[in-house]
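Everything numeric in this text was worked out from a predicted model, so none of it was measured. In each ligand, atom 1 is the first atom listed, and ligand 1 is the first ligand listed.
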Amino acid sequence: VTGGPEDPVVVRRRDDLVGLAVLRASLPPVTLVTSLPGAVLVRTPSRPDFHDGDVVDLEAAPAVDELDRWIGRAATQLAAIGAPLVRLRWQEALPPDAPPVPPAPDPALAAALAARGMGVEPLTVLLLDALASVPPATGVEVLGPLPADGDDALHRRWHGVAVLQRFALGSSTEEWRAWDDGFGAWQHGVRRGLARIGRARAWLALRQGIPVGTVTMVDDGTGLCVVEDLVVHPAHRGRGIAGALEHAAIAAELEARPGARVAVVVEPGSTSDRLQRRLGLRPVATVWTAERALDAADLDTAGGDAGGHG
Ligand SMILES: CC(C)(COP(=O)(O)OP(=O)(O)OC[C@H]1O[C@@H](n2cnc3c(N)ncnc32)[C@H](O)[C@@H]1OP(=O)(O)O)[C@@H](O)C(=O)NCCC(=O)NCCS
């Protein structure tokens with residue numbers, strides 16, 4: 001969170017909650033963060049469907065008998081200002097040798113969440129231990145970091161970065177077709193805005209001059225640098241392009257910012273989870289997300305209760 005250049009507001013990161021800090025590193029600079037006893041509420045007002053920006057980050061896993069209170073908080077304080085979801089997150093420490101498989105949620109908590117209509121999903125946060133080399137990807141040119149602004153050729157490179165994001169979710173044509181262009185354009189604008197203020201560095205991989213892969217390094221301004229938006233075009237996967245791209249981007253980051261901590265968020269057990277370990281990143285936390293869409297009853301509660309919380 002920043003004030004004006006003359007009057008910065010510095011929010012210190014709590015290192016015991018680094019998993020949650022990693023998930024928040026790439027939020028737009030205009031983000032509303034409210035600190036409560038036991039939690040931080042995060043709201044990105046500029047884009048209501050940017051769900052990552054609408055969340056209650058808890059300091060610890062919620063106790064079953066506290067769930068209704070936290071859900072009420074989400075409805076009161078986030079829904080009241082436009083968030084479409086009730087969304088709670090918390091982290092659990094993971095040992096560095098934890099295997100790349102999805103962990104099981106606490107059964108009593110999962111059952112209590114299910115009874116309230118909420119699913120719970122894990123993400124694994126990994127931190128760089130020592131950067132390991134990976135085999136070079138033959139016939140691939142790695143470019144970066146891209147300057148934020150420049151001539152038409154540079155503009156085309158940024159366009160390549162944006163187009164590749166279409167393939168970031170899922171592995172089927174239906175999922176790629178369902179990509180929301182409006183959201184994509186907004187998110188790309190946020191990333192490019194972060195590049196202009198020196199907080200994001202985008203990279204491209206080219207094969208025969210054609211953009212086939214991209215990654216962006218985003219730092220949170222306190223020495224934590226997060227690997228974001230790693231995507232390889234589906235037709236070019238399984239050739240080591242992601243590994244070569246990420247290796248180059250991390251090596252440049254460490255050279256430019258010695259001592260930076262490098263982190264990434266993956267779906268446990270995914271191709272990316274395995275790739276991160278080959279590159280020398282080690283698990284540090286599981287971040288659990290429990291969510292459901294808001295319903296009318298939540299909004300009634302929010303409307304009637306909004307004044308009661310500070
Ligand atoms: C994850 C992703 C970026 C990986 O891209 P990629 O270029 O295919 O990655 P790599 O080629 O380095 O590795 C992919 C697999 O190919 C294998 N591979 C790499 N080089 C190879 C080669 N020369 N010959 C045969 N196999 C090879 C790797 O071992 C890996 O196998 P694994 O899944 O069994 O571990 C890509 O699948 C993607 O864009 N997915 C959607 C977005 C996403 O999930 N991003 C990650 C967010 S953190």
Side-chain angles (χ1 to χ4, degrees), residues 18-19 21-26 51-52 94 98-102 121-128 131-144 160-180 183-184 187-188 191 200-208 210-219 224-251 253 261-287 289:
V18 69
V22 167
L23 277 143
R24 294 198 296 261
S26 63
H51 297 169
D52 283 350
L94 262 187
V101 291
E121 295 293 337
L123 289 170
T124 301
V125 177
L126 303 100
L127 280 179
L128 183 66
L131 184 60
S133 42
V134 288
T138 42
V140 174
E141 184 189 355
V142 174
L143 287 182
V161 170
V163 169
L164 285 163
Q165 293 308 318
R166 175 174 287 274
F167 303 102
L169 295 178
S171 52
S172 70
T173 319
E174 286 69 34
E175 285 165 303
W176 301 328
R177 282 204 188 112
W179 175 253
D180 177 344
F183 173 73
Q187 189 182 41
H188 185 70
R191 296 285 194 268
R201 291 159 286 282
W203 291 70
L204 259 188
L206 307 179
R207 279 186 86 197
Q208 291 160 356
I210 298 165
V212 292
T214 180
V215 68
T216 300
M217 310 297 289
V218 180
D219 72 66
L224 182 65
C225 172
V226 183
V227 177
E228 296 273 358
D229 303 338
L230 174 64
V231 185
V232 170
H233 187 281
H236 301 269
R237 290 181 187 170
R239 300 166 179 269
I241 294 176
L245 191 56
E246 188 178 329
H247 186 279
I250 292 178
E253 206 66 37
R261 292 206 299 170
V262 177
V264 67
V265 183
V266 299
E267 282 184 27
S270 62
T271 294
S272 183
D273 192 354
R274 292 186 293 274
L275 169 67
Q276 303 310 326
R277 293 152 193 259
R278 288 199 294 277
L279 284 164
L281 290 99
R282 299 287 167 255
V284 62
T286 296
V287 173
T289 304

message: Please list the nearest protein heavy atom to atom 39 (O) of ligand 1 with its residue and the distance rounded to 0.1 Å.
response: V232 N, 2.8 Å
message: For ligand 1, which is the ligand I care about here, please tell me if V265 has any N or O atom under 3.5 Å from one of the ligand's N or O atoms.
response: no
field: Distance filter under 4.0 Å to V231 heavy atoms, resulting ligand 1 atoms
entry: 39 (O)
field: Interatomic spacing from CD in E228 to CE in M217 - rounded to 0.5 Å
entry: 9.5 Å
- prompt: Who's the nearest protein heavy-atom neighbour of atom 14 (C) of ligand 1, and how far?
  reply: T271 CG2, 3.6 Å
- request: Drop me the distance from L126's CG to D273's CG, to the nearest 0.5 angstrom.
  value: 6.0 Å
- prompt: Do E253 and L128 touch side chain to side chain, with heavy atoms closer than 4.5 Å?
  reply: no
message: So for ligand 1, is V264 a polar contact partner (N or O within less than 3.5 Å, distance only)?
response: no
query: Looking only at protein heavy atoms, which one is nearest to atom 44 (O) of ligand 1, and how far off is it?
result: A168 O, 4.3 Å
query: Which atoms from ligand 1 have a heavy atom of G243 less than 4.0 Å away?
result: 12 (O)
statement: the protein heavy atom lying closest to atom 45 (N) of ligand 1 turns out to be L230 O, 2.8 Å
- request: Check salt bridge (charged side-chain N to carboxylate O under 4.0 Å, His left out) between R239 and all other residues, then give those that pass, not counting sequence neighbours.
  value: none
task: Could you tell me whether the side chains of E175 and S171 share a donor-acceptor contact shorter than 3.5 Å?
output: no
task: May I ask you to identify, for R237, whether its side chain, its backbone, both or neither come under 4.0 Å of ligand 1 on a heavy-atom basis?
output: both
- request: State, with a plain yes or no, whether a side-chain heavy atom of S133 is found less than 4.5 Å away from one of H247.
  value: yes
field: Those atoms of ligand 1 less than 4.0 Å from some heavy atom in S272
entry: 46 (C), 48 (S)
query: Which atom pair, heavy atoms only, marks the closest approach of A98 to R277?
result: O-NH1, 2.6 Å
query: Which protein heavy atom lies closest to atom 32 (P) of ligand 1, and at what distance to 0.1 Å?
result: R274 NE, 3.5 Å
- prompt: In the protein, what heavy atom is nearest to atom 30 (C) of ligand 1, and what distance, to one decimal place, separates them?
  reply: R278 NH2, 3.5 Å
message: Using a 4.0 Å heavy-atom cut-off, which part of A242 comes near ligand 1: side chain, backbone, both, or neither?
response: both
query: So which heavy atom on V134 is nearest to which on A244, and how close?
result: CG2-N, 4.1 Å
- prompt: Given that the side chain starts at C-beta and the backbone is N, CA, C, O, which of these parts of E267 lies under 4.0 Å from ligand 1, counting heavy atoms, or is it both or neither?
  reply: neither
message: Given G213, G238, G240, identify the one with the heavy atom nearest to atom 26 (N) of ligand 1.
response: G238
message: Which heavy atom of A263 sits nearest to which heavy atom of L224, and what is that distance?
response: CB-CD1, 4.3 Å
- request: For I241, counting its heavy atoms only, list the atoms of ligand 1 lying under 4.0 Å from any of them.
  value: 7 (O), 11 (O)
Could you tabulate the donor-acceptor pairs under 3.5 Å formed by side-chain atoms of residues 230-238, not counting sequence neighbours?
{"residue": "H233", "atom": "ND1", "partner": "A235", "partner atom": "N", "Å": "3.0"}
{"residue": "H236", "atom": "ND1", "partner": "R207", "partner atom": "NH1", "Å": "3.0"}
{"residue": "R237", "atom": "NE", "partner": "V232", "partner atom": "O", "Å": "2.7"}
{"residue": "R237", "atom": "NH2", "partner": "F167", "partner atom": "O", "Å": "3.1"}
{"residue": "R237", "atom": "NH2", "partner": "V232", "partner atom": "O", "Å": "3.0"}

